[in-house]
Every structure is written in C-alpha cells, then in structure tokens.
**Q** 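The structure under discussion is supplied below as structure tokens; questions concerning it will follow.
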There are 2 protein chains.
Amino acid sequence: MNQTTESRETVQVSVDVVLLTLIEQQLHAVLLKRAAAPFAGVWALPGGYIHADEDADAKASAARVLRTKVGIEGAYLEQLATFSGPARDPRGWSVAIAYCALLPVQNLPPDRADISVVPVSALPQLPFDHRDIVDAALARVRSKSLYSSLPVHLCGETFTLPQLQQVYENILGEPLNKVSFRRKMDEMDWLEAVAGAMQSGAAHRPAQLYCVKPAFRQELALSPRGL
Amino acid sequence: MNQTTESRETVQVSVDVVLLTLIEQQLHAVLLKRAAAPFAGVWALPGGYIHADEDADAKASAARVLRTKVGIEGAYLEQLATFSGPARDPRGWSVAIAYCALLPVQNLPPDRADISVVPVSALPQLPFDHRDIVDAALARVRSKSLYSSLPVHLCGETFTLPQLQQVYENILGEPLNKVSFRRKMDEMDWLEAVAGAMQSGAAHRPAQLYCVKPAFRQELALSPRGL
DNA sequence: TAAATAGTGTCTGTTAGACAGTATACG
DNA sequence: CGTATACTGTCTAACAGACACTATTTA
C-alpha cells in the first residue's frame, strides 16, 4: 500500500490465462485470435482487463475471461505470477496477472475460427511477453507434477491408474516406475475406486476406474517426498 | 491483454514487501508506520505505488520501496503472489503485487521510530490484507526451505554449518539430523569453505566457515529430493 | 584434564526401482 | 490357447536418520 498520496502515470492491469490440456500425449495451449489492437488478428493468450464493477478478484477475472472469451467453465485455476514493465505492452507500463488453467480435453469448447489449440512444443510467435508466461506455466505444471495431484485436473471425471500414470509421464516427459507410481497413489490416498471396471473392449484385463476423492476436487494434494 | 477497448473503473496497483530476518532464532518481519491515510499511524508492510516513470518492473518497485522507505539494499527479493479485490483497500478495487525479501539481521537499518521489527509469531493487527500476505510469505519461505538454499539469504557473508543448520531449523520449526544435513550440503555443492576457521573463543573445537558459491549468490539452488 | 561443540564412520530402517510373476480380458 | 495389458509380490539398491566415536578448542 502506498505511504504517500502522490499520483503517477496510470498502470494498466490485465489478466492472462495459460489454458492447458492434454491431447494425444502432448500438452497443448489454447490461443485466441486477438480482435482488437494492438496485435489485432494475432494468436495470443486469452486475457482481458479486470472489470472492477463485477470481478470479486483477479481469479474471478480469469474465470470470466475463460467463460466469456473461450466458452469454458470449471477449469482448475491457479495464479502463476505477475508480469510487469514498460515494454511488455506497446500501450505503456502494464501489469499482467497470469493464471494457469487445466482442463480435460473433452471439456474444451467446440471448434471455432478464433480459437486455436496448439502443442506447447510448436507454439507460434506470441505477442507481448506471452511466451514468457507460457514458459512459466509449463515450468510450474511440470514442477508441481513432481509432488502433487495437479495432473488429475487434466483427466476426466474417472480414469484408470495406467491412464493417470501416462498423464504424469506426458507432462514430465519421462517414464515412471509402475510399482512406485501405484504405491504412491495408494499411500497418498487421493483417489477412490469406482464400482465398475473399465473394459473398453480391449483384448486384455480391464483396469479399475478411479475418481478423485471429493476433498481434493478443487484443492491440490501434496506428497511430502515427491512423485 | 485485453481483447476489447472499453475502459473501466480504475484499478490501483501497488507493491507490498514482506521483509523477513532471523533474530534470536525467530523469524521477524519489518513493519513501517504508515505516514498517510488510510490507516495513517498504523504498522503495516512496507509498500507503495508503482512509479511508471522510474521502475523497470514490479520487482524494481519493491527494491525501490526497500531502499527509500526502509533504507536497505541488496536483500534477496522474490515475487510471492498478487492480491486483489474490491475490499482489501478502502479506496476501492486494488491490486497488490506482494514480494518476499530476506535479509541477514546485521544488514538491517539502524533503529528508527517508524520501523518495527517484530517476531512473526507476535504480529500486531495489520491493515488491508497484510496478514494474509505475511502468511503467504511464511508458507513460501518454509516450504522452499525444505528443498532449496533459500535460508542462506538469512545468513551473513560467511557462516558455519552448525549456524546454517540452526537457521533451517528455526525456519522449519523442527530439529534436523546433523549427519543428513551435512551430507546434503556436501552433495548439493552450494557452499565453499573459507580459508580460516571460526574460533570465536568458544570453549570447544572451532567450526569451519563457509560462503555461498558465487553461482548461487543471487539465484536459488534446488535439491531434487528435499532437505 | 574436564567440558563443550565440531566433524565423521557406520549401522539400520525406510523408500524407490527392477523384475518377474499372476490375473483377466479378447480373439 | 495366445496375446496383451492390469495388477501384485519380492528382491535390491539408494537414502535418511540414529548412534557413537574422534577432534580441537577454552577454562
């Protein structure tokens, strides 16, 4: 809070969201074609100014951006970091509160001309410092996947342990030990088995379906020693 | 970034700093007596508006606040989180980019009437949402101390391993195993021994002095598996 | 030489990964 | 019954903590 009453050059405050999903074993980010200047017509992160008259806080602004501009609801949302400076936006000194959002691929909105879902390994050039923001999101998601239940937010309502392990492996970019993974999931007690097993007609033993325990639905669960 | 050009109610952006130091085995926070309304005369976190005409980014604003309002320089600075909403400041919808700063006690400024250094376990009532910000800083410092070299920023230029272990223990609030701690410090290779040993006239074997390796002076070093 | 803390060697229990086995579906 | 994947039992290697021992200073 300020200790003086002097007024200074205005600072623009916006919210930017890195919306990630997992498609065909690869993390993808959702980009929006910018409607207005600057960078009109360019693919960029979904974002927008804070609406002081309707947003309860910046997280609510991010949720509103996802709802009104991307058309999704219920994504896992977590504040990432705040980016600032005179050069990141050509309009002048600006502040962007960046959020990271995770969504199962099946909850993505239907195809739209102004929405692009691209692998994070093949992003186009992004305006502002959006590339830095995406990089920060990827670093955060990868590091948190080492010791938390964060990746469950990329799975649907129910999933099998082999599926969940694959999600972890896709995010981390390295194979995990099956026995250790299942032992951890068991110890952490984040999941509960659903009555019916998944058969899916595959020519092998069906896998048990699990869902996240209600207590961890919105919150993250942490593991003391990783994995 | 915004996708529209509409303009809305203004949002105030400030920077708040949780400056922590270790005094007599206890974490202390530095509070400043507010000079201006709101909450004039009340102890609060050092903070201030961003000066768009001189600050390179919000971190520079935080460093400037520490320099001009608290009188310190060279503290370890790390962005914490951004707090926002219509209710946190009586002047209206506001955004506070919070930073956490660590400083060895010997680098604190000389006593001043408008500066108070209080144990974090005995903080007074704080205005705005400064209590939430302090709590976030403590949670961050404690969790990062589990797997990084962050506590070295609370030590002076040189220190002994028993001293450093005590800093970790004071932050974490629990005793650490001496053998394991020294084994980790050795494996991580963050420190280097200084030529002379510290005797300090104590009636026992003197301890080797260490300093942080130059590569980790400003950056943090992480440990893959904790401690 | 007694007291006090620094620093080290080694044992043991815990945890993580490798491997191989059993279970259960489909064709 | 062959194949493919789910799941489990068990061995082994790596790691962390406990304990005890040696080292070096002052009084």
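Just so it is clear: chains get the letters A, B, ... in the order the sequence lines come, proteins before strands, and each one is counted from 1.
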**Q** Return the value, rounded to whole Å, for the distance between atom CD of A/Gln165 and atom P of D/dT5.
**A**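 In whole Å, D/dT5 P and A/Gln165 CD are 14 Å from each other.
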**Q** Can you tell me which nucleotide in D/dA18, C/dG7, C/dA25 comes closest to the side chain of B/Asn177?
**A**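 Taking heavy atoms from C-beta onward, the closest nucleotide is D/dA18.
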**Q** Before giving the answer on side chain to side chain contact (heavy atoms under 4.5 Å, CB included), spell out for A/Ile50 and A/Ser14 the whole-Å C-alpha distance, their side-chain angles and the decisive distance to 0.1 Å.
**A** CA-CA 6 Å; A/Ile50 283 171; A/Ser14 62; over 6 Å; no
**Q** For a quick test of reading the model, state the closest non-hydrogen atom pair linking A/Asp57 to B/Ser84 and the distance between them.
**A**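 Nearest pair, atom of A/Asp57 first, then B/Ser84: CB-O, 3.5 Å.
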**Q** In whole angstrom, give the distance that lies between atom CD of B/Gln208 and atom P of D/dT25.
**A**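 The distance from CD of B/Gln208 to P of D/dT25 comes to 12 Å, rounded to the nearest Å.
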**Q** What pairs with A/Glu169 under salt bridge (charged side-chain N to carboxylate O under 4.0 Å, His left out), at least two apart in sequence or on another chain?
**A**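 Scan of A/Glu169 (salt bridge (charged side-chain N to carboxylate O under 4.0 Å, His left out), adjacent residues dropped) gives none.
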**Q** Can you find a pair of side-chain heavy atoms, one from A/Leu220 and one from A/Lys144, that are under 4.5 Å apart?
**A**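 Counting from C-beta outward, A/Leu220 and A/Lys144 do come under 4.5 Å.
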**Q** Would you kindly give the OH-to-C1' distance between A/Tyr147 and C/dT15, to the nearest whole Å?
**A**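 Distance check: A/Tyr147 OH to C/dT15 C1' gives 20 Å.
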**Q** To the side chain of A/Pro206, which of C/dT24, D/dA16, C/dC26 is closest?
**A**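 So the side chain of A/Pro206 is nearest to C/dT24.
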**Q** Using whole Å, what does the distance between atom P of nucleotide C/dG9 and atom CG of B/Asp186 come to?
**A**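 Rounding to the nearest Å, CG of B/Asp186 and P of C/dG9 are 11 Å apart.
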**Q** Give me, pair by pair, the N or O atoms of the protein and of nucleotides 8-11 of chain D that are less than 3.5 Å apart, along with how far apart they are.
**A**
none

**Q** Run the salt-bridge test on B/Arg182 and B/Asp186 with the 4.0 Å N-O cut-off and return the result as yes or no.
**A**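 No.
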**Q** Would you mind reading off the distance between A/Leu209 atom CG and D/dA6 atom P, rounded to a whole angstrom?
**A**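 One finds 12 Å between P of D/dA6 and CG of A/Leu209, rounded.
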**Q** In whole angstroms, how far is the C1' atom of C/dT15 from the CZ atom of A/Phe181?
**A**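 Whole-Å distance recorded here is 17 Å.
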**Q** Whole-Å distance between C/dG17 C1' and A/Glu187 CD?
**A**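 Atom-to-atom, A/Glu187 to C/dG17, this comes out as 14 Å.
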**Q** Please output the side-chain donor-acceptor pairs of residues 21-29 of chain B that fall under 3.5 Å, not counting sequence neighbours, one pair per line with the distance.
**A**
| residue | atom | partner | partner atom | Å |
| --- | --- | --- | --- | --- |
| B/Thr21 | OG1 | B/Leu103 | O | 2.6 |
| B/Thr21 | OG1 | B/Val105 | N | 3.1 |
| B/His28 | ND1 | B/Gln26 | O | 2.8 |

**Q** With nearest nucleotides of DNA chain C determined for B/His204 and B/Tyr210 from heavy-atom distances, which residue corresponds to the more 5′ nucleotide?
**A**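 In this pair, the answer is B/His204.
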**Q** Assess the residue pair A/Arg88 and A/Asp16 against the criterion (salt bridge (Lys or Arg N to Asp or Glu O under 4.0 Å)); give the C-alpha distance rounded to whole Å, side-chain angles, the decisive distance to 0.1 Å, and a yes or no.
**A** CA-CA 13 Å; A/Arg88 54 178 302 282; A/Asp16 287 321; 3.8 Å; yes
**Q** In whole angstrom, what separates B/Met185's CE from C/dG7's C1'?
**A**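 Going from B/Met185 (CE) to C/dG7 (C1'), I get 16 Å.
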